[in-house]
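All values below were derived from every heavy atom in this structure, side-chain atoms included, with hydrogens, water molecules and symmetry-related copies excluded.
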Amino acid sequence: MKHLILIMLLLMAMGCSAADEYTMLPEDCYDDEQYDEADQMCYLTCELDDTCEAAGLGDWLRDFTEQLGAFSFVGDDEPNVVILYTVDGNRIRDPVENEPLTDEEAAILDDTANHKVMWQQFANIIPQAQRMAIAKYGVFTDGEENTMAYVEPNPDDPTTWILVLDAADAVNQEEQTYTLIHEFGHVLTLNDNQVPFDENAYFAEDDTAVEEAESACPTFFAGEGCSRNQSYINAFYDRFWADIYGEWEAAEFDETAVSDDLYPQYEDRFLTAYAATNPGEDIAESWTHFVLYPKPEADTVAAQKVRFFYDYPELVTLRAQIVGRLYSQSRARER
Ligand SMILES: [Zn+2]
């Protein structure tokens, strides 16, 4: 009995500290942080300049990325989303449950505190105004590793998106952060303002509708639709993919693993092997490296893909916000 009480106290203490990482009071802020009323969080407010260096942010970011080993965050299985929430600003509400198919799924379904903590981690990293396209948030598990997270158009309104996270993978902070920024990169580059959603092509039962939509598209055709001329992904495609797209399509039609085909041939073009999967994964990986790593000097195409984002002032600002938030979050964890 004593042990049981001790365990319960321990669990309660753990639950509290996990939640406290993501909500704070104004008096919790450090001198260089500002309190965000809506998020109930303290955020570092410096830009990525000398003031941030003085605050130790540059060193922190280098240490952070050094912890990142090579890890895979993709699996093949069709995930069973055991719970799906509606996103309402910073909050999640109105959960809809799905039948759990395994003991692991039943366990993660019951752990509602963790659903909230995972959401808040994401919500605190990405400023609210930038993630308005994410209308739903779901939780699943396929065990550790395999698929860590994914995003997809929301079937109820495909101009919005669903973010789905694996509860079993939210254990390694660095990997989880990398994954969240990567997934957000998809929404940033494929949202309805960048790539107007094409219902007929996306939900097509056969290839004909897709091929028609693709041949009618004068810019890069993402699976979600025809990209706008000025979109990030169209500019990225023009610069880095147009010359190898034929090879990529041929490899895909062979149904061989595309990244295995393309990556060894063009290794210096890609930041990771996974980036060679398709232009959408490539821009998401390049975006993630842009956010988390220093500006590269190298002459390789891979380095150019990171520098690509520095041409967009709004993305340089967003990077500064995200990194400042990550830094504040990590300091909060140590408080
Ligand atoms: Zn991805």
Side-chain angles (χ1 to χ4, degrees), residues 73-89 92-98 115 118-119 122-123 125-140 142 147-166 179-217 219-234 236-237 241 252 258 274-275 277-288:
F73 52 97
V74 242
D76 303 321
D77 296 339
E78 185 74 12
N80 178 35
V81 179
V82 292
I83 192 159
L84 189 65
Y85 292 87
T86 296
V87 173
D88 184 359
I92 48 173
R93 58 173 169 82
D94 304 337
V96 177
E97 293 186 10
N98 266 323
H115 306 167
M118 289 197 301
W119 166 254
F122 175 74
I125 292 173
I126 309 296
Q128 192 182 330
Q130 303 293 330
R131 55 177 158 78
M132 297 303 278
I134 298 171
K136 300 268 179 177
Y137 155 66
V139 179
F140 81 107
D142 57 9
T147 302
M148 294 183 69
Y150 65 94
V151 289
E152 65 181 12
N154 172 17
D156 296 340
D157 171 9
T159 62
T160 65
W161 289 75
I162 298 182
L163 168 72
V164 189
L165 303 181
D166 185 341
T179 305
L180 294 176
I181 295 171
H182 171 104
E183 297 307 332
F184 172 71
H186 287 307
V187 179
L188 178 75
T189 55
L190 294 174
N191 73 72
D192 201 48
N193 295 323
Q194 295 278 320
V195 180
F197 188 76
D198 181 340
E199 204 158 330
N200 291 333
Y202 187 80
F203 292 117
E205 300 272 315
D206 60 275
D207 290 342
T208 325
V210 182
E211 282 161 22
E212 276 173 16
E214 188 163 10
S215 58
C217 175
T219 52
F220 172 64
F221 185 81
E224 290 76 9
C226 182
S227 62
R228 284 197 203 279
N229 196 25
Q230 299 295 319
S231 63
Y232 303 129
I233 201 162
N234 188 50
F236 190 89
Y237 170 85
W241 274 82
E252 193 187 39
V258 176
Y274 186 58
T277 307
N278 58 46
E281 294 303 343
D282 196 17
I283 197 170
E285 284 288 86
S286 303
W287 153 259
T288 310

Using the salt bridge (Lys or Arg N to Asp or Glu O under 4.0 Å) criterion, which residues pair with Asp206? Sequence neighbours excluded.
none
Residues which pass salt bridge (Lys or Arg N to Asp or Glu O under 4.0 Å) with Asp282, listed by chain and number, not counting sequence neighbours:
Lys305
Taking side-chain hydrogen bond (donor to acceptor under 3.5 Å, both in side chains) as the test, write out the residues that go with [X], two or more places apart.
| X | result |
| --- | --- |
| His115 | Tyr85 |
| Asn98 | none |
| Trp119 | none |
| Tyr232 | Glu314 |

Using the test side-chain contact (heavy atoms from CB on, under 4.5 Å), find all partners of Gln230 that sit at least two apart in sequence or belong to another chain.
none
Could you walk me through whether Thr86 and Lys136 pass the side chain to side chain contact (heavy atoms under 4.5 Å, CB included) test, one step at a time?
CA-CA 5 Å; Thr86 296; Lys136 300 268 179 177; 3.4 Å; yes
Would Ile134 and Phe122 count as a side chain to side chain contact (heavy atoms under 4.5 Å, CB included) here? Give the steps.
CA-CA 11 Å; Ile134 298 171; Phe122 175 74; 3.6 Å; yes
For the atom pair [atom1] ([X]) and [atom2] ([Y]), what is the distance rounded to the nearest 0.5 Å?
| X | Y | atom1 | atom2 | answer |
| --- | --- | --- | --- | --- |
| Met132 | Asn193 | CE | CG | 12.0 Å |
| Tyr237 | Thr189 | OH | OG1 | 15.5 Å |
| Met148 | Thr179 | CE | OG1 | 3.5 Å |
| Glu183 | Ile126 | CD | CD1 | 11.0 Å |
| Ser286 | Glu281 | OG | CD | 11.0 Å |

Could you tell me which non-hydrogen atom of [X] sits nearest to which non-hydrogen atom of [Y], and how far apart they are?
| X | Y | value |
| --- | --- | --- |
| Gly280 | Ile233 | CA-CD1, 4.0 Å |
| Ala284 | His182 | CB-CE1, 3.6 Å |
| Val81 | Gly138 | CG1-CA, 3.9 Å |

Under 3.5 Å donor-acceptor pairs involving side-chain atoms of residues 196-204, not counting sequence neighbours:
residue: Asp198; atom: OD1; partner: Asn200; partner atom: N; Å: 3.2
residue: Asp198; atom: OD1; partner: Ala201; partner atom: N; Å: 3.1

Pairwise side-chain contact, Arg228 with Val195, heavy-atom cut-off 4.5 Å (strictly under)
no
Side-chain heavy atoms of Asn191 within contact of Gln194, under 4.5 Å
yes
Run the numbers on Glu285 and Tyr274 for side chain to side chain donor-acceptor pair (under 3.5 Å), then give the verdict.
CA-CA 8 Å; Glu285 284 288 86; Tyr274 186 58; over 6 Å; no
Do side-chain atoms of Ser227 reach the backbone of Phe220 as a donor and acceptor pair under 3.5 angstrom?
yes
Does the Asn229 side chain pair with the main chain of Thr219, one donor and one acceptor, at a distance under 3.5 Å?
no
Using the side chain to side chain contact (heavy atoms under 4.5 Å, CB included) rule, take Phe140 and Thr147 through it: C-alpha gap first, then chi angles, then the decisive distance, then the call.
CA-CA 10 Å; Phe140 81 107; Thr147 302; 3.8 Å; yes
Can I get a per-line list of side-chain donor-acceptor pairs under 3.5 Å for residues 150-161, giving both atom names and the distance, sequence neighbours left out?
residue: Asn154; atom: OD1; partner: Asp156; partner atom: N; Å: 3.2
residue: Asn154; atom: ND2; partner: Thr160; partner atom: OG1; Å: 3.1
residue: Asp157; atom: OD1; partner: Thr159; partner atom: N; Å: 3.1
residue: Asp157; atom: OD1; partner: Thr159; partner atom: OG1; Å: 2.6
residue: Asp157; atom: OD2; partner: Thr159; partner atom: OG1; Å: 3.3
residue: Thr160; atom: OG1; partner: Asp157; partner atom: O; Å: 2.7

So which of Leu188, Leu180, Ile181 actually passes side-chain contact (heavy atoms from CB on, under 4.5 Å) with Phe184?
Leu188
